[in-house]
Amino acid sequence: MYDMIHLALETDSSRLITVFVIPTGCVVNLPGVTRETHTLTHLGNRPDALQELKTIEEVQFAVL
């Protein structure tokens, strides 16, 4: 999906892009992650939750 968005903008085929992402209810397939992202953001300073959230966010913000 993101490749198509990039291509549409790069080729000036579109100047408006809408992306609808629903992260709730989905557990990402990463080692050590057992809970969905939204729940992890509401668990306070629990070390186990923070570690899972850190794992997810490191992948999200990695430069590919």
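Residue indices begin at 1 and follow the sequence shown.
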Item to check | Side chain proximity check, I17 to H6, heavy atoms < 4.5 angstrom | outcome: no
Item to check | V33 side chain reached by I56 side chain, heavy atoms, under 4.5 Å | outcome: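 With C-beta onward as the side chain, the pair touches.
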Next on the checklist: If hydrophobic clusters are built from ILVMFWY residues whose side chains come within less than 4.5 Å, do V19 and M4 share one?
Outcome noted: no
Checklist entry - Are L7 and Y2 connected in the hydrophobic side-chain network, where two residues link if heavy atoms are under 4.5 Å apart? => result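 The answer is no; the residues belong to distinct hydrophobic clusters.
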Measure the [atom1]-[atom2] distance between [X] and [Y] for me, rounded to the nearest 0.5 Å.
X	Y	atom1	atom2	answer
L30	E58	CG	CD	10.0 Å
T39	L53	OG1	CG	11.0 Å
Q60	T37	CD	OG1	6.0 Å

Checklist entry - Passes side chain to side chain contact (heavy atoms under 4.5 Å, CB included), R35 versus L43? Steps please. => result CA-CA 11 Å; R35 292 171 278 200; L43 294 179; 3.6 Å; yes
Checklist entry - How close do G44 and L50 get, heavy atom to heavy atom, and via which atoms? => result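 Shortest heavy-atom contact: O-CD2, 3.9 Å.
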Checklist entry - What closest approach, in Å, do S14 and L16 show between heavy atoms, and which atom pair accounts for it? => result OG-O, 2.8 Å
Checklist entry - Between the side chains of E52 and T55, is a donor N or O closer than 3.5 angstrom to an acceptor N or O? => result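 Their side chains do not contain a donor-acceptor pair, so the 3.5 Å distance test is not met.
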